[in-house]
Amino acid sequence: MDLGGINPAVLIASLMVASVPIMLAALGELVVEKAGVLNLGVEGMMIIGAVMGFAVAVNTGSPLAGFLGGAAGGAILSLVFALLTQYLLANQVATGLALTLFGLGLSSLIGQGYVGIRPPLTGALPFGPLADIPVIGRILFRHDWMVYFSLLMVAATWAVLKFTRIGLILRAVGENHDAAHALGYKVRRIRVLAICFGGAMAGLGGAYVSLIRVPQWTDGITSGAGWIALAIVVFASWKPWRVLLGAYLFGGITVLQLNLQAAGARIPVEYLSMSPYLITILVLVIMSSGRGRIAAAAPAALGKNFHASR
Amino acid sequence: MKKLLLATAAVLAIAGGASAQGMDKVKACFVYVGPIGDGGWTYQHDQGRLAVIEEFGDRVDASTYQESVPEGADAERVLTQMALSGCNIIFTTSFGYMDQTNNVAAKFPNVKFEHATGYKRDHANVSTYDARFYEGRAVMGTIAGHMTESNKIGYIGSFPIPEVIQGINSSFIAARKVNPDVTMSVVWAYTWFDPAKEADAAKALIEQGVDVILQHTDSTAPLAEAAKTEGVIGFGQASDMSEFKPSPRVSSIIDNWAPYYIERIGALLDGTYEQKATWAGIAEGEVEIGEITDAVPAEVKTAAEAVRDAIAGGQHPFTGPLNKQDGSAWLAEGETPDDGTLAGMNFYVEGITGSIPQ
């Protein structure tokens with residue numbers, strides 16, 4: 001099968017890789033929003049993860065240590081957000097935007113000495129003969145471990161949110177923090193932990209950009225991926241499997257439009273470039289057309305600060 | 001307060017004004033569109049600034065620069081600030097500063113303004129300068145035509161503007177000259193600097209069978225992507241990008257602004273400064289070809305150097321007979337285009353498939 005000179009197996013394989021950073025960041029943000037917190041600082045946490053992951057990987061020579069460093073970097077930055085919004089009760093939207101600006105500037109400062117260095121490379125996982133299966137081998141068995149890890153995280157997030165007590169408490173805090181508080185749950189602590197998880201996931205996504213996808217450090221390397229992650233959470237109506245779908249859609253369109261250009265197809269790329277956003281709007285319209293459905297999808301306490309005295 | 005500011009500005013302008021008698025000391029200031037650490041465009045402008053300090057020592061104060069200045073109203077603020085702080089000459093190093101440069105120049109007639117890659121010189125104190133990047137592209141195209149095994153060359157374009165189209169045409173003509181079977185795929189990234197997107201563009205090209213990648217975007221990401229696949233080569237853009245030597249980076253186009261900056265500041269010092277529009281290339285040393293590595297066979301290297309030397313000697317990369325993409329005649333045998341035609345180039349030459357986005 002050939003679509004205008006594009007091999008679909010190759011296309012699917014590369015969209016799986018292209019969607020990893022936005023998928024990880026969107027999953028983290030999904031958990032944060034499920035806990036009732038709106039953190040618009042995803043872009044800032046991603047880029048801190050990218051530079052920290054890069055710095056750690058270069059200094060230790062180990063990509064794994066790099067990813068851990070990236071996750072730690074994103075989590076630490078998210079603690080700034082947690083302190084401001086959960087303890088000082090600052091406005092979440094403004095704090096999140098500030099976090100992004102701060103992260104962009106700080107990453108540039110940290111990254112000064114790392115421009116033009118090549119990081120240790122992460123190879124594909126060896127699947128032996130599986131990788132040679134026609135079509136399926138190309139699509140499924142020739143990736144680096146982070147691709148499989150991100151898929152695993154989608155399943156894990158879904159299972160934890162749906163089937164475990166932790167997931168239930170998290171959702172309760174996000175739906176009605178006063179009721180959760182009355183039941184004796186530590187709303188603030190749970191939210192801080194969720195924010196931290198979101199930061200770590202965004203950091204991992206950023207580290208994937210600087211360590212595998214590009215792989216190098218330059219200022220502004222994430223270039224808006226964090227904002228796309230935020231859009232995916234809404235697109236997915238706060239459901240983990242739809243995050244997977246959304247990430248593949250957004251990642252796939254990017255890859256597809258470049259491939260179409262390279263193959264010389266005569267489709268104006270502007271239409272493809274705008275299509276994920278059009279689809280997001282469409283999904284929002286469809287979701288809100290059914291009575292009260294959008295209210296059911298978004299956590300009820302999203303973006304509201306909690307203080308025990310009220 | 002406003003009066004006081006204006007008075008201060010006037011005093012500074014008089015004190016710092018360049019006269020035909022020359023000056024004892026010049027304060028030169030620089031406005032950059034990106035961070036110096038971009039490893040490409042802005043980095044090279046800053047190298048030019050450092051060369052000025054090296055050349056003139058105590059006679060010049062070139063310590064003032066500002067990085068990552070957005071192309072817009074903010075640039076006007078930065079420029080005004082610089083003019084008020086006593087800069088005698090200000091270099092604005094991106095196309096998007098064109099109107100701001102001219103606006104501020106109107107208010108400070110005694111400060112010299114130098115705008116890179118623009119064409120507006122509304123006031124006597126505004127000069128423009130640009131480099132003939134397409135001359136370097138012809139050398140890259142020659143190497144690409146020789147080196148490609150699949151006969152497919154990829155080109156990552158930033159925006160469909162004349163400067164980029166000149167580069168695409170120039171490299172394609174050069175590649176066809178040495179390899180008649182060559183085809184070129186162009187991918188538009190719609191950005192000057194977005195490493196992730198540039199990497200994806202390179203990846204898409206490689207998946208389409210391209211084995212030589214040229215880029216007109218500023219980051220090293222396409223080279224890093226090329227490094228992942230055996231047998232794919234690319235070129236450094238704006239800066240040498242030597243960290244990818246000897247392969248995939250087999251050569252590079254280096255923007256060398258130092259000679260121009262030294263010439264202009266020198267002219268200001270000795271009183272010979274005049275408004276002008278400069279468009280210099282390989283011959284003047286403004287466009288340099290980076291070291292051609294051993295990943296390229298010796299005869300290809302010789303051929304590429306011959307092209308470089310021929311251009312330095314006056315051979316034009318666009319020499320007829322050449323047709324436009326639709327087959328209509330553009331240049332007759334031996335004819336070369338004037339600079340006005342080049343500066344407005346909006347068509348592909350014959351043999352390139354695909355269309356330029358409008």
Side-chain angles (χ1 to χ4, degrees), chain A residues 4-7 9-11 13-15 17-18 21-22 46 50 104-105 108-109 111-119 121-124 206 208-210 212-225 228 251 254-266 268-270 273, chain B residues 34-40 42-43 67-68 152-157 160 183-210 213 218-225 227-228 236 239-244 352-355 357-358:
Chain A
I6 297 172
N7 182 345
V10 174
L11 185 72
S14 48
L15 86 81
V17 173
I22 46 179
M46 277 188 91
L104 289 171
S108 169
L109 181 68
Q112 292 281 332
Y114 291 97
V115 174
I117 297 175
R118 296 162 83 168
L121 284 181
T122 312
Y208 189 82
V209 175
S210 65
I212 296 183
R213 184 140 161 248
V214 175
Q216 58 172 274
W217 168 255
T218 28
D219 280 355
I221 194 165
T222 49
S223 55
I228 294 178
T254 318
V255 175
L256 181 66
Q257 63 117 328
L258 292 168
N259 268 291
L260 281 173
Q261 282 196 57
R266 290 181 177 276
V269 292
E270 291 82 359
S273 302
Chain B
I36 293 171
D38 70 352
T42 295
Y43 175 79
E67 295 173 87
S68 301
K152 283 184 182 172
I153 297 174
Y155 201 110
I156 304 173
T183 60
M184 185 179 272
S185 308
V186 182
V187 169
W188 297 100
Y190 289 99
T191 176
W192 286 111
F193 183 76
D194 179 346
K197 192 155 193 193
E198 292 169 47
D200 284 346
K203 193 172 176 159
L205 284 168
I206 292 168
E207 281 166 6
Q208 293 303 318
V210 160
I213 296 176
D218 293 347
S219 90
T220 50
L223 285 172
E225 186 63 40
K228 290 181 194 167
S239 174
D240 196 31
M241 301 191 175
S242 56
E243 63 269 27
F244 290 95
I352 302 182
T353 52
S355 55
Q358 296 300 324

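Proteins get letters first, then strands, A, B, ... in listed order; numbering begins at 1 in each.
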Sort [X] into side chain, backbone, both or neither according to what part of it lies under 4.5 angstrom from a heavy atom of chain A.
X      : value
B:A199 : side chain
B:A227 : side chain
B:V187 : both
B:F244 : both
B:K197 : both

Non-hydrogen atoms of [X] and [Y] that approach each other most closely:
X      : Y      : value
B:E243 : A:R118 : O-NH1, 3.2 Å
A:Q216 : B:A221 : NE2-N, 3.0 Å
A:R213 : B:E225 : O-OE1, 3.7 Å

### Task
To the nearest 0.5 Å, tell me how far A:S14 OG sits from B:K203 NZ.
5.5 Å
### Message
If we check side-chain contact (heavy atoms from CB on, under 4.5 Å) with B:Q208, which of these qualifies: A:L258, A:V10, A:N259?
### Response
A:N259
### Summary
Looking only at B:T220, B:V210, B:L205, the option with the highest number of non-hydrogen pairs under 4.5 Å against chain A is B:T220
### Query
Non-hydrogen atoms of chain B under 4.5 Å away: do they reach the side chain of A:L15, the backbone, both or neither?
neither
